Amino acid sequence: METKESMIQSILDNNFNNDGFTVEGIIRVLPRRYDRYGRMYGWDDENFYIRAFIYIRHIKGFKEYLKDK
């Protein structure tokens, strides 16, 4: 199993090379959900890679939107 940091790093390396995103910055803005024991869940989900890609894409779009303002 990959760690969340290595998974996000692979997403950034493969899709967002020249955008200036860092793993720490992306982890800060990804939505967090906790189970009843206080643990973060969703990181082990098989669809996490796709969800993280979509969130990073939204962040990139918002960043471009703010550049135009």
Side-chain angles (χ1 to χ4, degrees):
M1 183 177 114
E2 267 187 300
T3 63
K4 62 184 173 185
E5 290 86 5
S6 64
M7 190 178 294
I8 291 174
Q9 185 63 49
S10 68
I11 292 170
L12 293 177
D13 290 342
N14 294 332
N15 302 302
F16 302 100
N17 285 337
N18 301 323
D19 293 325
F21 294 132
T22 62
V23 174
E24 294 83 16
I26 294 298
I27 288 177
R28 268 191 202 150
V29 296
L30 285 178
R32 292 176 179 84
R33 294 183 291 172
Y34 295 97
D35 63 4
R36 64 182 179 177
Y37 302 109
R39 294 178 301 215
M40 195 180 307
Y41 69 93
W43 294 108
D44 298 337
D45 188 13
E46 62 271 358
N47 294 326
F48 171 74
Y49 191 89
I50 297 167
R51 287 187 292 129
F53 174 78
I54 292 171
Y55 285 128
I56 296 169
R57 186 94 167 134
H58 287 297
I59 293 166
K60 181 180 177 182
F62 189 66
K63 182 179 165 185
E64 294 296 322
Y65 170 77
L66 290 177
K67 266 188 202 173
D68 294 338
K69 295 292 176 180

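The structure displayed is predicted, hence computed values, not measured ones. Counting from 1, the numbers follow the sequence of the chain as shown.
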Point to revise | Residue list, side-chain contact (heavy atoms from CB on, under 4.5 Å) with Val23, at least two apart or on another chain | key: Glu5, Ile8, Gln9, Leu12, Ile27

Point to revise | ring pair (Phe, Tyr, Trp, His ring centres under 6.0 Å) partners for Phe16, two or more places apart | key: Phe53

Check your understanding: Which residues pass the side-chain contact (heavy atoms from CB on, under 4.5 Å) test with Asn14, sequence neighbours left out?
Key -> Ser10, Tyr49

Point to revise | Results of side-chain contact (heavy atoms from CB on, under 4.5 Å) for Leu66 - residues two or more places apart only | key: Phe62

Review point. Between atom CD1 of Ile54 and atom CD1 of Ile11, what is the distance when rounded to the nearest 0.5 Å?
Key: 10.0 Å

Check your understanding: Tell me the salt bridge (Lys or Arg N to Asp or Glu O under 4.0 Å) pairs involving residues 10-24, sequence neighbours left out?
Key -> Asp19-Lys60

